Amino acid sequence: MEQCACGTGLAYAECCQPIIKGQRPAETAEALMRARYAAYVNVETDFIFETTHAQHREGYDHDGTRAWAANSEWQGLEIVSTKDGGKDDKTGEVEFIARWKENGEERVHHERALFKKEKSRWFFTDGTAVNPAPQQPIVRGPKIGRNDPCTCGSGQKYKKCCGK
């Protein structure tokens, strides 16, 4: 059986395919997020449109989305965290990282996606890109010469004390 692209390790036919085909609803915001990723991989882009909240569909490009999904080489989905979005919640947030190759170039998209539940169905509403944390510079103290006084306060030269 074909493994689901969403990363659960389950077969596609048991995991995201029934959600994408409308045979059962996504029970959680995370399940919808995973199904949306699998829909891109399987070029089921009508599902992407249908699971986008009606108030957030303006400007959706059906043809462009389909072409992009078909011409990308999907590399994987990582769910970083979830906040709410359970069976009994009305809203949820899923932070994820999606990886793919486009024109041979590796791409990464890191986002906090927001979801809303209406009439027992989850919908994607909006997302915010997560920028990588800036690298902290390495902070070094002043350089100590061999003949400088030792920093431990012994009164000896560094080379005869802690610099041995």
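Quick caveat: nothing in here was measured; it's all calculated off a predicted structure.
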How is the hydrophobic cluster of Val80 composed, in terms of its other members, when Ile, Leu, Val, Met, Phe, Trp and Tyr link through side-chain heavy atoms under 4.5 Å apart, directly or indirectly?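 Answer for Val80: Ile97, Val108.
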Excluding sequence neighbours, so at least two apart, what forms side-chain hydrogen bond (donor to acceptor under 3.5 Å, both in side chains) with Glu73? Gln75
Mind checking side-chain hydrogen bond (donor to acceptor under 3.5 Å, both in side chains) for Gln156 and listing every partner two or more places apart, or none if nothing turns up? none
Which atom pair, heavy atoms only, marks the closest approach of [X] to [Y]?
X     : Y     : answer
Tyr60 : Thr65 : OH-CG2, 3.4 Å
Ala39 : Phe47 : CB-CD2, 3.7 Å
Thr45 : Ala69 : CG2-CB, 3.9 Å
Cys15 : Leu10 : CB-CB, 3.9 Å
Leu77 : Phe96 : CD1-CD1, 3.7 Å

By side-chain contact (heavy atoms from CB on, under 4.5 Å), Gln55 pairs with (sequence neighbours left out) His53
Under 3.5 Å, which donor-acceptor pairs do the side chains of residues 31-38 form with other protein atoms, sequence neighbours left out?
residue : atom : partner : partner atom : Å
Arg34   : NE   : Glu30   : OE2          : 3.0
Arg34   : NH1  : Cys6    : O            : 2.6
Arg34   : NH2  : Glu30   : OE2          : 3.1
Arg36   : NH1  : Ile48   : O            : 3.1
Arg36   : NH1  : Thr51   : OG1          : 2.8
Arg36   : NH1  : Thr52   : OG1          : 3.3
Tyr37   : OH   : Gly76   : N            : 2.8
Tyr37   : OH   : Gly76   : O            : 3.2

How are the rings of Trp74 and Trp68 set to each other: parallel, tilted or perpendicular (split at 30° and 60°)? perpendicular
Please list, chain by chain and in numerical order, all residues satisfying salt bridge (Lys or Arg N to Asp or Glu O under 4.0 Å) with [X], sequence neighbours excluded.
X      : value
Glu78  : Arg99
Arg121 : none
Asp46  : Arg66
Lys87  : Glu27

Whether over 12 other heavy atoms sit under 6.0 Å from Glu58 CD: no
Tell me every residue that passes ring pair (Phe, Tyr, Trp, His ring centres under 6.0 Å) with Phe124, counting only those two or more places apart in sequence or in another chain. Phe115
Can you measure from [atom1] ([X]) to [atom2] ([Y]) and round to the nearest 0.5 angstrom?
X      : Y      : atom1 : atom2 : result
His56  : Leu114 : NE2   : CG    : 8.5 Å
Lys117 : Thr125 : NZ    : OG1   : 15.0 Å
Thr28  : Asp89  : OG1   : CG    : 10.0 Å

Residue pairs meeting side chain to side chain donor-acceptor pair (under 3.5 Å), one or both in residues 105-114, sequence neighbours left out, come to Glu95-His110, His109-Glu111
Which residue pairs satisfy the side chain to side chain donor-acceptor pair (under 3.5 Å) criterion with at least one member in residues 9-26, sequence neighbours excluded?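 Only Lys21-Glu44 qualify under side chain to side chain donor-acceptor pair (under 3.5 Å).
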Verify the cluster assignment for Ile20 and Phe123: are they in a single hydrophobic cluster under the rule of side-chain heavy atoms below 4.5 Å apart?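 Ile20 does not cluster with Phe123.
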